[in-house]
Amino acid sequence: MAFTLPALPYDKNELAPTISSETIDFHYGKHHQAYVTKLNELVAGTSLESKTLEEIICSKDLPQDKKIIIFNNAAQIWNHTFYWNCLSPKGGGQPKGALLASIEKQFGSFDTFKEQFSAKAVTLFGSGWAWLIKNKDGTLSITQTTNANTPLTEEGQTALLTCDVWEHAYYIDYRNARPKYVESFWKLVNWEFVEKNLN
Ligand code: MN3
């Protein structure tokens, strides 16, 4: 097997009640796993087997007939692994130090940043992701990507934080109430991971 499902950085029960173990069973155990299984099928016996996930996602010469499906599955593996790392049972609260300073410089205050990020997450039409990214010049931006799209392919962008707003991320715990899921998401944000990405 070329690609494997990375272990979660916590036990599947530990994010409850914000994210239930049932959601983890489906979102991590079924959806994230399915992207890994599918990518392995698609690259089996090709030169892509020896590439890293990042190389596949950023590749300009994927096989023409399978380009989109390979990209979608590879990018979804990367996005989900990044998302799980953005969460922690010990998360929530406020960032500290250099990260807090950067957020305050860019957005005026942490609360303003939270409001703007939440708005991007809630208003994204259809399936996708909300991101806090660092630009090449060191400024921060809040962006949306649809479907499997990822800042990894955007020149000069470094992903710092993401919120998965595909329905599968919240339907079990919040049904159709995406705003409630996004509001609860802040209770789990692993600011140490976000700070590590900034540096
Ligand atoms: Mn998802």
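Order of listing sets the numbers, starting from 1, for every ligand and every atom in it. When a residue number appears, it is its place in the shown sequence, counting from 1.
- With a 4.5 Å cut-off between side-chain heavy atoms of Ile, Leu, Val, Met, Phe, Trp and Tyr, the cluster of Phe26 takes in Ile172.
- Scored by the ring pair (Phe, Tyr, Trp, His ring centres under 6.0 Å) test, His31 finds His168 as partners (sequence neighbours excluded).
- Residue-and-atom listing of protein N/O/S atoms under 2.8 Å from the Mn ion (ligand 1), sorted by chain and number: His27 NE2, His80 NE2, Asp164 OD2, His168 NE2.
- Ring centroid separation for the pair Tyr171 and Tyr181 does not come in under the 6.0 Å cut-off.
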**Prompt:** Does the pair Tyr28 and His80 meet the rule for a ring pair (Phe, Tyr, Trp, His ring centres under 6.0 Å), with working shown?
**Reply:** CA-CA 8 Å; Tyr28 171 75; His80 281 89; 9.5 Å; no
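- Scored by the side-chain contact (heavy atoms from CB on, under 4.5 Å) test, Lys114 finds Phe110, Trp186 as partners (sequence neighbours excluded).
- Across all their heavy atoms, Leu152 and Trp78 have their closest contact at CD1-CZ2, 3.6 Å.
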